[in-house]
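Have a look at the structure below before the remarks.
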Amino acid sequence: MQKKSLVLLILLIFVSACNKKEILYVQETPPSESHPEQTEQIDIAIVPKVMEIPYFQAVQQGVEEAAKSSGATVHFKGPTTADPAQQEEIIRTFIKQKVDVLAVSVIDPDRLSPVLIEARRQGITVLTWDADAHPEARDYFINMVDAEMLGEHLLDSLAAQIGEEGEYIILSGSQSSLNQEEWLHWIKQHNRAYYPNLILREVAYTNDSPVTAYQESKRVVKAYPDLKGIIGIASLGPPAAAAVLKEENVSISNDIVIVGLASPRDMNAHLKEGDVQGITLWSPKKLGYLTVMIAKLMQDGTVIEDGMFIEDVGRIQVKGEQIIMGEPIDFTAENVDQYDF
């Protein structure tokens, strides 16, 4: 009986002991007359901060597509909440499974860098993506955008809409997130250098929780009656702030401007209704795809070089041990329907 040359098995594995879902994408090539023995499969583990939010669900779509393209076995598993203890447990499980590559969006670099160092000592290639560990804990950090450029762009977007003066607050995800703290650094530096009449009143942290993002948004809106702007540097911030301002009957476009990083799907209605003029992000789907492809290339012995072209991603930048995917995308009412994440 003739077999198909390529079989894609998508297995959904539910680990009842810890109530966390792992999705495994397996690409198998059956043996043929010319290749009697099946080649060894490359095993890649992708660990997000948390599973069930739109941003990481979009990453998961890119991971699935890259698994099909690369022929690698790819696991996708993360915590049910943004809990570093849960994430460490998942990482240790993958270390015991002796995966070839471990790629992690790190919740807490202080907590998780030691276990990533342990993985490297056992011969596992360690990548970070989306959120970094300490440099000694990984081989490369796959970054979405250049941090300085992004911080400046977000503040410029706010300044342009509120006339370069007034009070604003920043909604971040976690104080332990190295990339968000770097964006915050560049926002503050750009503020000091170019916008003396913009006043940052507070940085509020949402702990990557939709509930906390909503609660913090509600708190700061009431705490600062002269507030003119909100910058969300974690994807849950802008939609939570927009929802709160709707409830409080605040005119978002006229009284308080919201800018920042969010999924276009989450902000679609707000953009079309004119509540928010623009929002910024990159393609998390493309980020998931790039992470798997970099892992596969490294396992194949390919040197990752500046300007390298990655199919379905484009040309990447390499700065030391940092791989930069590209430039951010601005979403408006006119283009938001072009994006499905």
Side-chain donor-acceptor pair under 3.5 Å between [X] and [Y], yes or no?
| X | Y | answer |
| --- | --- | --- |
| T125 | Q299 | yes |
| T80 | Q86 | yes |
| Q175 | E181 | no |

4.5 Å side-chain heavy-atom contact, [X] and [Y]:
| X | Y | value |
| --- | --- | --- |
| P135 | F141 | no |
| I294 | L127 | yes |
| L198 | I162 | yes |
| I42 | K296 | yes |

Consider side chain to side chain contact (heavy atoms under 4.5 Å, CB included). Of V292, I44, V59, which one does F76 pass it with?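 That would be V59; it is the only one of V292, I44, V59 passing the side chain to side chain contact (heavy atoms under 4.5 Å, CB included) with F76.
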
Taking only Lys NZ, Arg NE, NH1 and NH2, and the carboxylate oxygens of Asp or Glu, determine whether E165 and K228 approach each other closer than 4.0 Å.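 Answer for the salt bridge query: no.
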
How are the rings of F341 and Y339 set to each other: parallel, tilted or perpendicular (split at 30° and 60°)?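 Rings of F341 and Y339: perpendicular, over 60°.
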
Other residues, nucleotides, ligands: >12 heavy atoms within 6.0 Å of E327 CD: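 Counting neighbours around CD of E327, 12 or fewer heavy atoms of other residues, nucleotides or ligands fall under 6.0 Å, so no.
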
Name the atoms and distances for all side-chain donor-acceptor pairs under 3.5 Å in residues 305-316, with sequence neighbours left out.
unit_1 : atom_1 : unit_2 : atom_2 : d
D306   : OD1    : V318   : N      : 3.0
D312   : OD2    : Y289   : OH     : 3.4
R315   : NH1    : G307   : O      : 2.9

